[in-house]
Amino acid sequence: MIGGGGREHALALALSRDPEVTEVHAAPGNPGIGEVARLHPVDPLDGAAVARLARDVQADLVVVGPEAPLVRGVADAVRAAGVACFGPSADAARLEGSKAFAKEVMAAAGVPTAASRVCETEQEAAEALDAFGSPYVVKDDGLAAGKGVVVTEDREAALQHAKVCGRVVIEEFLDGPEVSLFAITDGETVYPLQPAQDFKRALDGDQGPNTGGMGAYTPLPWAPTGLVAEVQERVLVPTVREMARRGVPFQGLLYAGLALTARGVRVVEFNARFGDPETQALLGRLESPLGALLHAAAEGRLAEVEPPRWRQGAAVTVVMAADGYPEGPRTGDVITGIEDAAALDGVDVIQAGTARSERGLVTAGGRVLAVTAAGVDVAQARTRAYAGVALVDFAGARHRTDIAQEVP
Ligand code: AMP
Ligand code: GLY
């Protein structure tokens, strides 16, 4: 397991619970991952070092969690060393790494998305803003850890963002609920997972700044029947086919961020890895062994394993963040109550920004941990998740109280 956040803890936990998996190693991991895997102080961005570690521990499979190593070619380095790797090549990860590339692929594949223009000068940007009108959507072309997108009714602010970024994608505003739908693919066979929703804003009622995600739930009882089949047919399969046609097959996790607009499904963005914190919720319901799916995808034989099976019911994930997140989170506060929360029915505590110190487990990042609970339905999973949150404590702990509350 490459990475050390909440997504990687959820993946490592699911792998450790797979009876076919004998050992899990992580680089660099985190204290939560350390409970289910052996940790190695290896830089996840250093492809040569990751490949060496994979050889040293005789790994059958390397799973790359975050986007940054993928965009840097860490999966290529691992494969070049003769080890199977779940995660796209650097070239294929451009689906996430470059908004302009993603738009080009979608156009070629006929995938429904917002109309857009790539702009490199202030004048091009100004013309695009006026062509699409308010609200304005301006996206930095490169990887920006969720901070590259500005949606605003203020034309000056939109223009300013375009100027600061240099090369941007300016696009039509998409109205409607957002859905995350992930698919595991080996570049040919595509297995969609279940729809999930994440909560990006820091505060209740979708107020406050954008974050990496404050919570999630799955499935979406309100989603139209046939949504997964429609996205499979109109988005996931055509995108994977188009990537293969270009000679840059996409193998790994294809994340479609969707808007359900009045005019139909539109792709908001692609990511090249599991979403965080949707993965924490999704894996709480996955019944199939995760290892076999990821391994088969990595080896180009996904069609030989059954599509993922899911437990009945729902799962809800509530993120506990540090005071000051996302602007300037404070760190070093002692965390208590994790064991008590994890002992509750259906509850897992997934760590993200934590560290060991002589005072015990302390906060070490903005999103500190996530309490994930499974239940017979969203309401029960939600009650259980918040019961877990109530038991975990650290100075300045913050969480949203409305995750999965108003299921539209
Ligand atoms: P992205 O990094 O492309 O996912 O954008 C981050 C967030 O900005 C998305 O989750 C949406 O909430 C919002 N956003 C992006 N593109 C659009 C759009 N065309 N219309 C409305 N909102 C958007
Ligand atoms: N849940 C948003 C992301 O992983 O990008």
Side-chain angles (χ1 to χ4, degrees), residues 3 5-8 10-11 65-68 70-71 93 95-103 106 111-117 128-129 131-153 158 161 165 168-182 193 195-202 206-218 252-283 317-319 326 350 352 366-367 370 372 400 403:
R7 161 187 45 220
E8 289 76 35
L11 287 163
E67 62 274 19
L70 292 167
V71 170
L95 265 190
E96 171 164 4
S98 166
K99 305 267 185 203
F101 176 73
K103 284 291 186 186
M106 284 188 265
V111 169
T113 184
S116 68
R117 290 190 198 169
L129 291 175
F132 293 122
S134 173
Y136 303 106
V137 182
V138 182
K139 303 184 173 189
D140 192 343
D141 183 40
L143 266 195
K147 297 182 188 85
V149 178
V150 164
V151 180
T152 177
E153 292 178 8
H161 186 59
C165 296
V168 293
V169 172
I170 292 181
E171 65 181 36
E172 151 199 25
F173 177 78
L174 297 174
D175 206 0
E178 286 186 42
V179 172
S180 301
L181 186 62
F182 306 162
L193 307 187
Q197 196 170 45
D198 72 344
F199 293 75
K200 292 198 170 72
R201 300 295 196 101
D206 291 330
Q207 302 298 306
N210 260 318
T211 70
M214 295 298 291
Y217 70 104
T218 179
L253 193 289
L254 179 58
Y255 169 140
L258 307 161
L260 308 190
T261 75
R263 288 158 54 224
V265 175
R266 299 282 183 279
V267 173
V268 176
E269 63 164 341
F270 282 130
N271 291 319
R273 37 75 192 174
F274 281 94
D276 191 339
E278 297 98 313
T279 299
Q280 286 84 321
L282 275 169
L283 294 180
T317 295
V318 179
V319 169
I350 306 294
R367 288 191 294 172
T372 290
R400 278 182 62 161
I403 302 301

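Both counts, for ligands and for their atoms, begin at 1 and track the order of listing.
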Using a strict cut-off of 4.0 Å, indicate which atoms of ligand 2 neighbour a heavy atom of [X].
| X | value |
| --- | --- |
| Asn271 | 5 (O) |
| Gly275 | 4 (O) |
| Tyr255 | 1 (N), 2 (C), 3 (C), 4 (O), 5 (O) |
| Asp198 | 1 (N), 2 (C) |

Quiz item: Are a donor atom and an acceptor atom from the side chains of Lys200 and Thr211 found within less than 3.5 Å of each other?
Solution: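 No pair is found: no donor N or O on one side chain lies under 3.5 Å from an acceptor on the other.
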Quiz item: Is there a donor in the side chain of Glu153 and an acceptor in the side chain of Tyr136, or the other way round, less than 3.5 Å apart?
Solution: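 There is no such pair between these side chains.
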Quiz item: Mind checking what makes side chain to side chain contact (heavy atoms under 4.5 Å, CB included) contact with Glu278, not counting sequence neighbours?
Solution: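 If we apply the side chain to side chain contact (heavy atoms under 4.5 Å, CB included) test to Glu278, skipping adjacent residues, the hits are Ser180, Phe182, Ala196, Asp198, Ala216, Tyr255.
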Where ligand 1 meets [X] - atom numbers and elements under 4.0 angstrom, heavy-atom basis:
| X | result |
| --- | --- |
| Glu171 | 16 (N), 17 (C), 18 (C), 19 (N) |
| Glu172 | 18 (C), 19 (N) |
| Phe173 | 20 (N), 21 (C) |
| Lys200 | 10 (O) |

Quiz item: Counting only heavy atoms, which portion of Met214 has something under 4.0 Å from ligand 2: side chain, backbone, both, or neither?
Solution: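 Answer for Met214: neither.
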Self-check item: Side chain, backbone, both or neither: Glu178 near ligand 1, heavy atoms under 4.0 Å
Solution: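 It is the side chain that touches ligand 1; the backbone stays farther off.
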Quiz item: Taking heavy atoms and a distance under 4.0 Å, where does Val137 meet ligand 1: side chain, backbone, both or neither?
Solution: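 Side chain only; the backbone of Val137 stays clear of ligand 1.
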Exercise. Identify, with sequence neighbours excluded, every residue that meets salt bridge (Lys or Arg N to Asp or Glu O under 4.0 Å) alongside Asp175.
Key: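 With sequence neighbours excluded, Asp175 shows a salt bridge (Lys or Arg N to Asp or Glu O under 4.0 Å) to no residue whatsoever.
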Exercise. Answer yes or no for Arg266: is there a heavy-atom contact with ligand 1 below 4.0 Å?
Key: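 Per 4.0 Å heavy-atom rule, Arg266 does not contact ligand 1.
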Quiz prompt | Side-chain (Glu172) to main-chain (Ala115) donor-acceptor, under 3.5 angstrom | solution =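 The answer is yes, because a donor-acceptor pair under 3.5 Å joins these two groups.
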Quiz item: Just by distance, do the side chain of Glu96 and the backbone of Asn271 share a donor-acceptor pair under 3.5 Å?
Solution: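 Side chain of Glu96 to backbone of Asn271, a donor-acceptor pair under 3.5 Å: no, none is there.
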Self-check item: Within-cut-off N or O pair, Ala114 and ligand 1, under 3.5 Å
Solution: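 No, no N or O pair falls under 3.5 Å.
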Exercise. May I ask you to test the Leu260-Val265 pair for a side-chain heavy-atom distance under 4.5 Å?
Key: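 Yes - at least one pair of side-chain heavy atoms lies under 4.5 Å apart.
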Practice problem: Decide yes or no for Leu11 and Phe274: does some side-chain heavy atom of the first lie under 4.5 Å from some side-chain heavy atom of the second? | Solution: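 Yes, close enough: below the 4.5 Å cut-off.
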Quiz prompt | Residue selection (non-hydrogen contact nearest atom 4 (O) of ligand 2) among Glu269, Arg7, Arg273 | solution =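 Minimum heavy-atom distance to atom 4 (O) of ligand 2 goes to Arg273.
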Quiz item: Can we say Lys103 and Glu171 salt-bridge, meaning some charged N sits less than 4.0 Å from an Asp/Glu carboxylate O?
Solution: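 Glu171 and Lys103: salt-bridged.
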